[in-house]
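Side chains are part of it too, since the values below use all heavy atoms of this structure and drop only hydrogens, waters and symmetry mates. Owing to the predicted nature of the structure, the values given are computational and were not obtained by experimental measurement.
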Amino acid sequence: KNELSEKIIELCERNGCRESARVRLSVFRDDQLGASYLINAFALAVEPGLWHKKDLHTDIYPLARKSMDVFSNLKSSSYQTYIMAGLYAQQNNLDDVILLNAAGRICDSSRANVFLIKNNEVFTPALSEGCINGVMRRFFIEQFTQTGLAVQETALLEIDLCQADEVFFTNAIRGIQSVLTFKQYHYSYEQSFSIFRKTFTTIPF
């Protein structure tokens with residue numbers, strides 16, 4: 001861990017992005033059946049921060065579904081479904097699209113984890129639903145738990161999105177982004193922003 005940390009910092013300094021960077025650590029098996037790794041470090045293309053009122057427009061990605069096996073929570077190089085979902089969003093003038101799992105339930109988006117608020121309760125797909133175990137997802141749930149407002153990790157259907165009061169996405173680079181529309185449904189963001197201000201008191205918005 002210490003060696004990796006030192007090399008990451010060294011690379012960020014070399015690339016001129018020590019203060020604010022996106023770092024990707026890729027681990028793979030080499031020819032000798034050992035483990036090798038590759039580190040990439042880039043300057044962030046977006047302003048770092050937790051809350052971003054982006055007013056995202058979303059829909060369901062209809063052309064593929066995610067598996068729900070032991071590898072589904074890992075962010076791996078097998079990324080084709082997310083890439084194609086991202087292209088579908090661009091082609092249909094959407095900011096992002098939501099992927100369903102093999103059972104037809106909500107999984108995640110092409111680049112984020114999905115959360116919704118309904119009747120003052122916060123919900124997100126459980127890891128058993130096949131979503132990526134994102135860094136911001138874990139951080140968000142941990143922070144909420146510490147303040148006594150637990151996030152319910154459960155199975156969610158498309159109808160739950162239609163009936164939600166608010167929807168937002170979490171991503172380690174983009175932070176938390178509010179969703180404005182899903183299909184013909186419109187959401188506000190005041191309730192989620194109020195919760196975030198109370199929960200993340202030490203983090204700038």
Side-chain angles (χ1 to χ4, degrees), residues 17 20-27 38-69 71-102 104-117 122-141 143 151 153 156 158 160-161 164 166-183 185 187 189 192-193 196 205:
C17 56
S20 179
R22 175 182 182 180
V23 176
R24 175 179 293 163
L25 173 64
S26 303
V27 181
L38 176 68
I39 303 172
N40 299 99
F42 314 89
L44 277 178
V46 296
E47 183 79 15
L50 186 63
W51 174 272
H52 293 279
K53 182 180 175 294
K54 182 68 170 79
D55 289 345
L56 299 176
H57 300 274
T58 68
D59 204 335
I60 295 292
Y61 179 55
L63 303 181
R65 294 192 176 186
K66 278 197 66 181
S67 63
M68 302 158 62
D69 55 36
F71 305 111
S72 301
N73 306 140
L74 302 176
K75 197 168 186 178
S76 70
S77 58
S78 181
Y79 211 63
Q80 184 177 10
T81 300
Y82 290 107
I83 292 175
M84 299 308 296
L87 289 174
Y88 178 89
Q90 292 180 11
Q91 294 165 356
N92 289 273
N93 297 316
L94 297 167
D95 297 297
D96 202 350
V97 285
I98 294 172
L99 284 79
L100 303 180
N101 60 27
R105 297 189 292 266
I106 303 300
C107 191
D108 44 26
S109 86
S110 71
R111 58 190 182 190
N113 287 110
V114 177
F115 288 79
L116 62 88
I117 296 178
V122 184
F123 302 86
T124 192
L127 294 179
S128 58
E129 294 297 292
C131 63
I132 293 293
N133 188 11
V135 172
M136 182 58 71
R137 177 188 186 275
R138 297 197 303 271
F139 174 75
F140 182 83
I141 293 174
Q143 292 295 306
V151 177
E153 301 178 68
L156 295 172
E158 183 176 339
D160 293 308
L161 288 172
E166 300 182 15
V167 177
F168 55 91
F169 292 167
T170 63
N171 174 285
I173 300 300
R174 295 174 176 84
I176 298 170
Q177 295 181 293
S178 59
V179 174
L180 179 63
T181 66
F182 169 72
K183 296 184 180 294
Y185 300 94
Y187 309 110
Y189 70 92
S192 52
F193 185 67
F196 298 144
F205 288 84

Peer 1: Between Pro125 and Cys107, is any pair of side-chain heavy atoms under 4.5 Å apart?
Peer 2: no

Peer 1: Less than 4.5 Å apart, any side-chain heavy atom of Phe169 and any of Met136?
Peer 2: no

Peer 1: Looking at CG of Asp95 and CD of Gln90, how far apart are the two atoms once the value is rounded to the nearest 0.5 Å?
Peer 2: 10.5 Å

Peer 1: When you look at Leu99 and Tyr82, which way does the side-chain contact (heavy atoms from CB on, under 4.5 Å) test go after all the steps?
Peer 2: CA-CA 8 Å; Leu99 284 79; Tyr82 290 107; 4.2 Å; yes

Peer 1: Residues two or more places apart in sequence or in another chain: which of them pass salt bridge (charged side-chain N to carboxylate O under 4.0 Å, His left out) with Glu153?
Peer 2: Arg137

Peer 1: For the residue pair Tyr88 and Ile60, what are the closest heavy atoms and their distance?
Peer 2: CE2-O, 4.1 Å

Peer 1: Would you say the side chain of Leu161 lies within less than 4.5 Å of the side chain of Leu116, judging by non-hydrogen atoms?
Peer 2: yes

Peer 1: Do Ile176 and Tyr189 have side-chain heavy atoms sitting under 4.5 Å apart?
Peer 2: no

Peer 1: According to salt bridge (charged side-chain N to carboxylate O under 4.0 Å, His left out), who are the partners of Arg105, at least two apart in sequence or on a separate chain?
Peer 2: Glu129

Peer 1: Using modelled atom types only, decide if a donor and an acceptor are shared between the side chain of Thr181 and the backbone of His57 within a distance under 3.5 Å.
Peer 2: no

Peer 1: Please tell me if the side chains of Ser178 and Phe193 come closer than 4.5 Å, counting only heavy atoms from C-beta onward.
Peer 2: no

Peer 1: Are a donor atom and an acceptor atom from the side chains of Ser110 and Asp96 found within less than 3.5 Å of each other?
Peer 2: yes

Peer 1: Once you measure the plane-to-plane angle for Phe168 and Phe115, does it fall in the parallel (<30°), tilted (30-60°) or perpendicular (>60°) bin?
Peer 2: parallel

Peer 1: Examine distances only and state if a side-chain atom of Asp69 and a backbone atom of Phe71 form a donor-acceptor pair shorter than 3.5 Å.
Peer 2: yes

Peer 1: Kindly determine whether Asn92 and Asp59 satisfy side-chain contact (heavy atoms from CB on, under 4.5 Å), including the steps that lead there.
Peer 2: CA-CA 10 Å; Asn92 289 273; Asp59 204 335; over 6 Å; no

Peer 1: I need the Met68 CE to Asn101 CG distance, nearest 0.5 Å.
Peer 2: 4.5 Å

Peer 1: To the nearest 0.5 Å, how far apart are CG in Leu100 and CD in Glu158?
Peer 2: 7.0 Å

Peer 1: Using atom types as modelled and distance alone, determine if a side-chain donor or acceptor of Asp108 lies under 3.5 Å from a backbone N or O of Ile132.
Peer 2: yes

Peer 1: Does the side chain of Thr170 reach to within under 4.5 Å of the side chain of Phe139, using non-hydrogen atoms?
Peer 2: no

Peer 1: Please name all residues satisfying ring pair (Phe, Tyr, Trp, His ring centres under 6.0 Å) with Phe182, sequence neighbours left out, ordered by chain then number.
Peer 2: none

Peer 1: Is the backbone of Cys131 close enough, under 3.5 Å, to the side chain of Asn73 for a donor and an acceptor to pair up by distance?
Peer 2: yes

Peer 1: Do you know the tightest heavy-atom contact between Ser67 and Ser72?
Peer 2: O-OG, 2.9 Å

Peer 1: Indicate yes or no: at least one non-hydrogen side-chain atom of Thr124 is less than 4.5 angstrom from one of Phe140.
Peer 2: no

Peer 1: Can you find a pair of side-chain heavy atoms, one from Leu94 and one from Leu56, that are under 4.5 Å apart?
Peer 2: no

Peer 1: Return yes if some donor-acceptor pair links the side-chain N/O of Asn133 with the main-chain N/O of Leu127 below 3.5 Å, else return no.
Peer 2: no

